[in-house]
Chemist: 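I'd like to ask some things about the structure below.
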Amino acid sequence: MKLPRKFFEKKTLRVAKELLGCFLIRRIGRRKIVARIIETEAYCGPKDLANHASKGRTPRTEIMFGQAGYAYVYLIYGMYYCFNVVTERVNYPAAVLIRGMEINGQKIIGPGKVCRELEIDKKLNGLDLIKSQKLWIENRRLMNQNLESKIEDRRAKANQQKFNIISLPRVGVDYAGEYKNKPWRFGIWKS
DNA sequence: GATAAGATCATCT
DNA sequence: GATGATCTTATCA
């Protein structure tokens, strides 16, 4: 089941944890990629110095000040894209970065790799994940009627087992002062 | 195995 | 003009 907007309108830390095990779905023409989210990072509001939006409202960060459930995609280091989902309420800039996923059991770790694999670039910035047919997120448990193959059935079963969430400091935010060591990176490599 | 350097550009100062 | 919410390749040990 596609996640509703309400899911994203909660506290960013909670959304970041609840997204683990959910399925990121990407449709490119007739091709559909189903990826299980296994690593995220939370960027929590204007005071979080690691958050791009902590420097205020700019053209780039505008989307984070909008409604939850929209895609925030930006170019990093001139070569890679990072994909985030906007969270919380209007005028409160926050988002969850998708850092790692699993496709048919194959792990893809790193936000740049995630975007390369799913063909996510700036054209998808500002996309509404609640309405889009190109990119959306589904529940941890795939509904039976959505199962398209035995492979997907197996994947759904594997996902029903309990998993432990590991939390660590975020990556690449040494400049963020007191926020640099906040354990706002979440993963389920172990399950 | 570990660490370092290089690629490459939108964004903000 | 400097700087990244990164990744790959090269060069060490």
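The chains referred to below are lettered A, B, ... by the order of the sequence lines, with proteins before strands, and numbering in each begins at 1.
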Chemist: Please check if the side chain of A:S132 supplies one atom and the backbone of A:L129 the other of a donor-acceptor pair under 3.5 Å.
Modeler: no
Chemist: Closer than 3.5 angstrom, by distance alone: can the side chain of A:T40 be matched with the main-chain N or O of A:A16 as a donor-acceptor pair?
Modeler: yes
Chemist: Tell me, which of residues 37-51 of chain A have any heavy atom that sits under 4.0 Å from an atom in DNA chain C?
Modeler: A:Y43, A:A50, A:N51
Chemist: For A:E102 and A:I108, indicate whether the former's side chain and the latter's backbone hold a donor-acceptor pair under 3.5 Å.
Modeler: no
Chemist: Salt-bridge test for A:R89 and A:E9: reply yes if a basic N is under 4.0 Å from a carboxylate O, no otherwise.
Modeler: no
Chemist: Flag the pair A:D128 and A:R5 as a salt bridge only when some basic side-chain nitrogen lies within less than 4.0 angstrom of an acidic carboxylate oxygen.
Modeler: yes
Chemist: Hey, are A:K113 and A:E117 close enough for a salt bridge, meaning a charged N less than 4.0 Å from a carboxylate O?
Modeler: no
Chemist: Output the distance between atom CG (A:L24) and atom CZ (A:R36), rounded to the nearest 0.5 Å.
Modeler: 13.0 Å
Chemist: Hey, would you say the A:Y74 and A:Y72 ring centroids sit under 6.0 Å apart?
Modeler: yes
Chemist: Any side-chain donor paired with an acceptor under 3.5 Å for A:R60 and A:N125?
Modeler: no
Chemist: Do NZ/NE/NH1/NH2 and the carboxylate oxygens of A:E41 and A:R170 come within less than 4.0 Å?
Modeler: no
Chemist: Any side-chain to backbone donor/acceptor pair from A:N51 onto A:P93? Under 3.5 Å, distance only.
Modeler: yes
Chemist: Heavy atom of residues 115-130 of chain A under 4.0 Å from DNA chain B: which residues?
Modeler: A:K122
Chemist: What range of DNA chain B does chain A touch, first nucleotide to last, counting atoms under 4.0 Å from its heavy atoms?
Modeler: B:dA7 to B:dC12
Chemist: Provide the start and end nucleotides, 5' to 3', of the part of DNA chain C that has atoms under 4.0 Å from heavy atoms of chain A.
Modeler: C:dG4 to C:dT8
Chemist: Please work out if A:G78 contacts a base, only the sugar-phosphate, or nothing of the nucleic acid, heavy-atom cut-off 4.0 Å.
Modeler: base
Chemist: Within a strict 4.5 Å, meaning less than it, do heavy atoms of the A:F8 and A:I137 side chains meet?
Modeler: yes
Chemist: As an exercise, state the distance from SG of A:C44 to CH2 of A:W184, rounded to the nearest 0.5 Å.
Modeler: 4.5 Å
Chemist: Among residues 57-65 of chain A, which residues get a heavy atom nearer than 4.0 Å to DNA chain C?
Modeler: A:M64
Chemist: According to the Watson-Crick and G-U wobble definition with distances under 3.5 Å, which dot-bracket string, read 5' to 3', encodes DNA chain C, using [ ] for crossing pairs and | for pairs with another strand?
Modeler: ||||.|||||||.
Chemist: Membership question, hydrophobic clusters at under 4.5 Å side-chain separation (ILVMFWY): are A:V114 and A:Y77 in the same one?
Modeler: no
Chemist: Let me confirm one number: the CZ-CZ distance from A:R31 to A:R26, rounded to the nearest 0.5 Å.
Modeler: 9.0 Å
Chemist: Base, sugar-phosphate alone, or nothing: which one does A:L75 contact when heavy atoms must sit under 4.0 Å apart?
Modeler: sugar-phosphate
Chemist: Is there a donor-acceptor contact under 3.5 Å from the side chain of A:T12 to the main chain of A:E88?
Modeler: no
Chemist: Indicate yes or no: at least one non-hydrogen side-chain atom of A:N139 is less than 4.5 angstrom from one of A:L3.
Modeler: yes
